[in-house]
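Heads up, the thing below is written out as structure tokens.
Computed from a predicted structure; not experimentally measured.
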Amino acid sequence: DITGALETVMKLKGIKYDLKKEYSYMPEELNGAKEFSETDALRKNKVGFIAQDVYSVLPEVVKYDKTTDVYGINYAEIVPVLVEAIKEQQT
């Protein structure tokens, strides 16, 4: 069972961010200004969490790639915690 879900969710902090260009696309692979503009727009105005912050709350949903030194979050694994937090709120 997942216990203390509401307390866990309350520790998470959502953010707005733009992906760094080097993690989004390689400019030399784009054909022309229009494709660059469209692709560049897709990397902006994202919402999520800072993986290192989530790790301190839910380490099991955070993955780290040593070869690239990049953290990632499996957002789908957060859903069961959210469901249990909603149930806690209802009681």
Side-chain angles (χ1 to χ4, degrees):
D1 291 344
I2 297 173
T3 59
L6 185 57
E7 182 180 340
T8 299
V9 169
M10 293 300 292
K11 293 177 184 175
L12 296 174
K13 180 183 176 195
I15 61 163
K16 290 184 177 184
Y17 65 96
D18 294 342
L19 286 171
K20 291 182 177 181
K21 291 178 185 179
E22 58 266 27
Y23 296 120
S24 303
Y25 57 84
M26 301 297 285
E28 61 273 7
E29 294 176 357
L30 301 177
N31 298 319
K34 182 179 179 191
E35 188 174 334
F36 174 82
S37 175
E38 291 170 353
T39 304
D40 196 56
L42 292 175
R43 74 176 184 81
K44 297 182 179 177
N45 300 315
K46 303 290 184 183
V47 293
F49 303 107
I50 296 173
Q52 293 88 332
D53 293 344
V54 174
Y55 184 82
S56 67
V57 178
L58 283 170
E60 57 272 32
V61 306
V62 177
K63 309 302 179 221
Y64 175 69
D65 185 336
K66 292 179 185 178
T67 59
T68 60
D69 190 32
V70 174
Y71 287 85
I73 300 172
N74 185 339
Y75 284 91
E77 291 182 6
I78 298 175
V79 172
V81 179
L82 297 174
V83 169
E84 294 305 314
I86 292 169
K87 290 178 183 179
E88 285 181 30
Q89 277 188 322
Q90 294 305 306
T91 59

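- Following chains of ILVMFWY side-chain contacts shorter than 4.5 Å, one cannot reach Val61 starting from Ile86, and the two form parts of different hydrophobic clusters.
- Atom-to-atom distance recorded for Ile2:CD1 and Lys87:NZ is 9.0 Å, nearest 0.5 angstrom.
- Considering only heavy atoms from C-beta on, Asp69 comes within 4.5 Å of Tyr64 through its side chain.
- Cluster annotation: Ile15 is connected to Leu19 through the hydrophobic network of ILVMFWY side chains, with a link wherever side-chain heavy atoms come within less than 4.5 Å.
- In terms of modelled atom types and a separation under 3.5 Å, the side chain of Asp18 and the main chain of Asn45 share a donor-acceptor contact.
- The shortest side-chain heavy-atom distance between Val83 and Val79 falls under the 4.5 Å cut-off.
- Two residues are said to be in side-chain contact when any heavy atoms from C-beta on lie closer than 4.5 Å; Leu58 and Val81 meet this criterion.
- Here the NZ-NZ distance, from Lys46 to Lys16, works out to 13.5 Å after rounding to the nearest 0.5 Å.
- By the criterion of side-chain heavy atoms lying less than 4.5 angstrom apart, applied directly or through intervening Ile, Leu, Val, Met, Phe, Trp or Tyr residues, Leu6 is not grouped with Val54; the two fall into different hydrophobic clusters.
- Taking OH of Tyr55 as the reference point, atom NZ of Lys63 lies at 10.0 Å (rounded to 0.5 Å).
- Side chains of Thr3 and Asp1: a donor-acceptor N/O pair is absent below 3.5 angstrom, by distance only.
- Of all heavy-atom pairs between Ala5 and Ala85, the closest is CB-N, 3.5 Å.
- Rounding to the nearest 0.5 angstrom, the gap separating the CG atom in Leu82 from the CD atom in Glu77 is 12.5 Å.
- Two residues are said to be in side-chain contact when any heavy atoms from C-beta on lie closer than 4.5 Å; Phe49 and Tyr75 meet this criterion.
- Atom CD1 of Ile78 is separated from atom CG of Leu12 by 6.5 Å, given to the nearest 0.5 angstrom.
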